[in-house]
Amino acid sequence: MKHKIKNTKKITFIPYWVLVLSLLFGTNLGVYAQQSFRIKADFSIKEKKIDGTDQLIMGTVYYDKNTKKIVYDVAFPEPEVWVISDTTLYKFVSDSLQSKQTVPPISESSLFHLLLTGELKDFGLKKAGFTIAEVEQDKNLVIATWKSPKELEPVFGKIMTSEKDKKLYGIIMYNKENQLVGKQVFRKYELVKGLSVPQEVLQISYDPKTKTENMKLTNFKNVVVNELDISEMYDFNID
Amino acid sequence: MKNVFLFLMLSCLAAFTVQAGIADLFEVDEQHIEASFNDLNELETLVTASGSTYADLSQTNNPVLKNLNLNTNLTANAFGAGEPALGIPSFVWGFCLSLPGVVVVYFLTDQDMDETKKALIGFAVGVGLYVLWFVFWRLLTAV
């Protein structure tokens, strides 16, 4: 019995230090995870649409993972500010609200959020409930084939992602008929304050019925991480 | 023996061919992309250098604009926000989540009645299938 009590004392003593150590390390890990919280970049979106029209949008984008507002300060074609906050898209012209509409809540699945939370490597598929069915290596790419969660099976076909140098390189999406419907390529990575940011995202959507494609090329430059000035742009006043 | 060897060789070759094709799926036709975005790249360079808006450029009849069929009306789609509710077809919302799914589609598509109708059809089909299954099950257990 005495022996048992001794052991119990010892056991209670060790977890105390383990607790202290884990709290110390845990705090440090938390600090690292929180290191990147804001991103700003000059952007250009060029699009060749299926209907034969062209589009160019240029400006500066701001995102803070705490406020979860994507703020597009557009300079071309005309000065406008577009803010995506939760399920609403606001359009401001000359500081006054012009329109608002309900949109899907895309902030947390946006490139900016995935970048700041370190989830870009799998494009947030794991968090969305997708599971890896197969991993293969070919040339310089590590390719994963993803299985959709049960409830999304009627919607998604096969999804494949590829990594190059441990960074997301591409995503391929198929429909239920196993026809290619979308391809995205992330390239020209730049390291900004420890964050690998793709400076070019090419997105091609295919319409298997009409055999046409929509191409969108997004470029980012002058990327700034954790900017503390001009906070009002990261938390744009929408009231 | 010869046939077995030939079969093994062909199998290896086939496996290698399939394997080699996987990375190629992620390749893009660089020349096609370069050619497609040529005029837009030219416009981007011009705007970066001059800081002009579309209104400024159109007033000067800039030749770069002539080669483009420029759409200057920005919509939610331009910012990746104009997809169907969460990218999931409205029918599936109604079918899988019944009435709450219809409500989600109604609000997320900004009260788009066409999409809401699709969700309602999905809901009706879901209910219909459930009723059929229930009747079938009752008949089966009654026997």
Side-chain angles (χ1 to χ4, degrees), chain A residues 42 44-49 51-58 61 70 72 74-80 82 84 87 89 91 101-106 109-111 136-141 143 145 151-152 154-156 160-162 164 169-172 180 183 185 202-204 215-217 219, chain B residues 18-30 32-33 36-37 39-41 43-44 46-48 51-58 67-89 91-93 95-97 104 106-112:
Chain A
D42 291 339
S44 75
I45 305 171
K46 286 167 274 186
E47 193 167 358
K48 302 288 287 182
K49 292 171 181 277
D51 63 8
T53 60
D54 308 301
Q55 194 156 55
L56 173 67
I57 310 169
M58 291 171 72
V61 61
I70 308 175
Y72 289 98
V74 175
F76 188 90
E78 298 301 333
E80 291 167 356
W82 291 69
I84 300 167
T87 57
L89 175 70
K91 178 187 170 185
Q101 71 178 92
T102 309
V103 293
I106 62 160
S109 55
S110 69
L111 172 70
E136 294 157 85
Q137 185 153 10
D138 186 26
K139 293 181 181 169
N140 51 355
L141 297 182
I143 298 157
T145 305
E151 56 273 23
L152 293 180
V155 185
F156 288 100
M160 293 168 91
T161 57
S162 64
K164 191 192 241 179
Y169 176 72
I171 303 168
I172 300 177
L180 182 65
K183 188 186 278 192
V185 176
L202 173 68
Q203 194 177 340
I204 309 172
M215 283 198 290
K216 196 180 204 176
L217 187 65
N219 288 91
Chain B
V18 170
Q19 199 70 12
I22 296 171
D24 295 343
L25 293 173
F26 290 89
E27 280 186 5
V28 285
D29 186 346
E30 298 292 348
H32 172 57
I33 289 156
S36 302
F37 286 107
D39 294 327
L40 280 171
N41 283 337
L43 178 61
E44 185 187 6
L46 178 71
V47 172
T48 306
S52 307
T53 63
Y54 175 73
D56 299 335
L57 293 177
S58 55
N67 299 328
L68 291 161
N69 184 10
L70 210 62
N71 176 358
T72 56
N73 292 322
L74 304 191
T75 61
N77 272 329
F79 304 101
E83 313 298 326
L86 303 179
I88 299 168
F91 178 88
V92 179
W93 275 110
F95 184 79
C96 297
L97 297 178
V104 167
Y106 180 74
F107 285 109
L108 287 189
T109 59
D110 204 18
Q111 290 121 53
D112 184 327

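First the proteins, then the strands, lettered A, B, ... as listed; each starts at 1.
- Every side chain to side chain contact (heavy atoms under 4.5 Å, CB included) that B:D56 has, sequence neighbours left out, goes to B:S52, B:T53.
- Within the 4.5 Å cutoff, the side chain of B:D39 has no heavy atoms near those of the A:D54 side chain.
- With contacts defined as side-chain heavy-atom distances shorter than 4.5 Å, the pair A:K48/B:L40 qualifies.
- Residue with the most contacts toward chain B among A:L141, A:L180, A:I172: A:I172 (heavy-atom pairs, distance under 4.5 Å).
- Contact of A:L217 with chain B is made through backbone and side chain together, with heavy-atom distances under 4.5 Å.
- Taking the side chain as every heavy atom from C-beta outward, B:N41 and A:K46 approach each other to under 4.5 Å.
- At distances below 3.5 Å, not a single donor-acceptor pair connects side-chain atoms of B:E44 with backbone N or O atoms of A:L56.
- Interface residue B:T75: only backbone heavy atoms are found under 4.5 Å from chain A.
- Of the listed residues (A:K216, A:Q203, A:K91, A:K49), the one with the most heavy-atom contacts under 4.5 Å to chain B is A:K216.
- Summarising the geometry of A:E78 relative to B:A55, their closest heavy-atom pair is OE2-N, 2.9 Å, with the distance given to 0.1 Å.
- With respect to chain B, the highest number of heavy-atom pairs below 4.5 Å among A:V185, A:I204, A:L202 belongs to A:L202.
- Under a 3.5 Å cut-off, the side chain of A:K139 and the backbone N or O of B:I22 do not form any donor-acceptor pair.
- Taking 4.5 Å as the limit, some side-chain heavy atom of B:L74 sits within range of a side-chain heavy atom of A:Q55.
- Residues meeting the ring-ring contact (aromatic ring centres under 6.0 Å, His included) test with A:F76, sequence neighbours left out: none.
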*Go through the steps to decide whether B:T48 and A:M58 satisfy the test side-chain contact (heavy atoms from CB on, under 4.5 Å), and finish with yes or no.*
CA-CA 9 Å; B:T48 306; A:M58 291 171 72; 3.2 Å; yes
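- For chain B, the nearby parts of A:M215 are the backbone and the side chain; heavy atoms of each come within less than 4.5 Å.
- Of the two parts of A:V74, only the side chain, counted from C-beta on, holds a non-hydrogen atom closer than 4.5 Å to a non-hydrogen atom of chain B.
- No part of A:T145 comes within reach of chain B, as not one of its non-hydrogen atoms sits under 4.5 angstrom from that chain.
- For B:F26 against A:K183, the heavy-atom pair with the smallest separation is C-NZ, 4.3 Å.
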